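Below is one structure, written out as structure tokens, with a few remarks after it.
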Amino acid sequence: MSKKNAQTGTQRETAREVRLVVAGLLLRDDTVLICQRRQDQPMAMQWEFPGGKVEAGETAQQALARELNEELGITAEIGTRVTRILHTYRSGTAVDLQFFEVHNFTGELENRIFNTIIWTPLSQLTAYEFLVADRELVKDLAAGKLLKTTDI
């Protein structure tokens, strides 16, 4: 997007920062762990998969392992990347989301930051109001796409 500099009259390019974000599909049999944001968070009370921003110097897998420990108190084995989604919200915030399978973790799940966390059948995912960036993935997961059924 070009913007005109008011003082010099010259054109300059303004690039929106893209946030690198990772999320875990914690799978148990035919269910997946989903998390509801708190009322005081942006996009309040919407559902998402646990995860967060990739910090400088981290790989996507390292970031997800750190985030799952911070948010849920678990040590997770990060599996295969399921998909990658580029999404720009109406606010202009752009995210590059990577979703990874997580079949194994140690520790007891502890809800440290969410309103609610629940295990729900993959087929029931569309019953929840997910973040806009997650909705196509949610439809695909509920329809039995993307995941190998022999793995779950």
Side-chain angles (χ1 to χ4, degrees), residues 1 14-152:
M1 169 187 308
T14 56
R16 290 230 180 248
E17 183 179 331
V18 176
R19 291 185 185 150
L20 301 177
V21 179
V22 290
L25 301 175
L26 279 71
L27 300 161
R28 182 174 69 187
D29 300 319
D30 68 342
T31 65
V32 64
L33 186 79
I34 61 174
C35 307
Q36 186 181 44
R37 290 183 172 213
R38 293 188 323 258
Q39 189 67 42
D40 63 336
Q41 293 175 306
M43 296 174 266
M45 305 309 287
Q46 290 189 12
W47 292 87
E48 66 183 339
F49 300 101
K53 296 177 193 162
V54 177
E55 301 292 339
E58 286 182 317
T59 66
Q61 293 88 342
Q62 289 168 335
L64 182 55
R66 176 185 49 76
E67 288 285 348
L68 293 176
N69 183 266
E70 290 173 3
E71 295 178 355
L72 301 170
I74 60 173
T75 301
E77 292 178 31
I78 309 305
T80 306
R81 185 172 77 185
V82 174
T83 192
R84 185 174 201 163
I85 298 170
L86 300 174
H87 182 80
T88 303
Y89 285 96
R90 285 185 293 183
S91 66
T93 302
V95 291
D96 177 350
L97 288 156
Q98 294 185 62
F99 294 86
F100 292 86
E101 292 180 20
V102 176
H103 294 279
N104 300 304
F105 61 86
T106 57
E108 291 295 317
L109 283 174
E110 178 185 339
N111 180 2
R112 294 181 173 175
I113 68 161
F114 299 103
N115 184 62
T116 305
I117 63 172
I118 60 169
W119 292 97
T120 191
L122 289 163
S123 61
Q124 305 283 319
L125 284 174
T126 57
Y128 298 89
E129 185 181 349
F130 272 83
L131 298 174
V132 173
D134 294 352
R135 290 181 186 167
E136 285 302 313
L137 170 66
V138 165
K139 287 179 193 173
D140 287 345
L141 291 171
K145 299 177 184 177
L146 300 177
L147 300 175
K148 296 177 191 147
T149 54
T150 57
D151 289 346
I152 53 178

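One-based numbering along the sequence shown. All figures in this text were calculated on a predicted structure; none of them were measured in a lab. The basis for the numbers below is simple: all heavy atoms, side chains too, and nothing from hydrogens, waters or symmetry mates.
A heavy-atom distance below 4.5 Å is not found between the side chains of R81 and E101. Between L27 and W119, every side-chain heavy-atom pair lies at or beyond the 4.5 Å cut-off. With contacts defined as side-chain heavy-atom distances shorter than 4.5 Å, the pair D134/E48 qualifies. Within the 4.5 Å cutoff, side-chain heavy atoms of L141 are placed close to those of F49. Two residues are said to be in side-chain contact when any heavy atoms from C-beta on lie closer than 4.5 Å; F100 and L26 fail this criterion. Inter-residue side-chain proximity for L137 and L146 is flagged as met; some heavy-atom pair is nearer than 4.5 Å. T120 has its side chain within reach of L125: a pair of non-hydrogen atoms, C-beta onward, lies under 4.5 Å apart. For the pair L86 and V95, the minimum side-chain heavy-atom distance is 4.5 Å or more.
With R135 contributing its side chain and F130 its backbone, the two residues share a donor-acceptor pair below 3.5 Å. The backbone N or O of I113 lies less than 3.5 Å from a partner atom in the side chain of R38, making a donor-acceptor pair. Side chain of N69 to main chain of I74: a donor-acceptor pair is present (N/O by atom type, distance under 3.5 Å, no hydrogens or angles). For the pair E67 (side chain) and P50 (backbone), a donor-acceptor distance under 3.5 Å is absent.
One finds a salt bridge joining R84 and D96 here, because a Lys/Arg side-chain nitrogen approaches an Asp/Glu carboxylate oxygen to under 4.0 Å.
N115 pairs with exactly one of Q36, Q41, Q39 by the side chain to side chain donor-acceptor pair (under 3.5 Å) rule, that one being Q36.
More than 12 heavy atoms of other residues, nucleotides or ligands sit less than 6.0 Å from atom CZ of R112.
For the pair R37 and W47, the cation does not sit on the ring face, since its NZ or CZ is not both under 6.0 Å from the ring centre and inside 45° of the axis.
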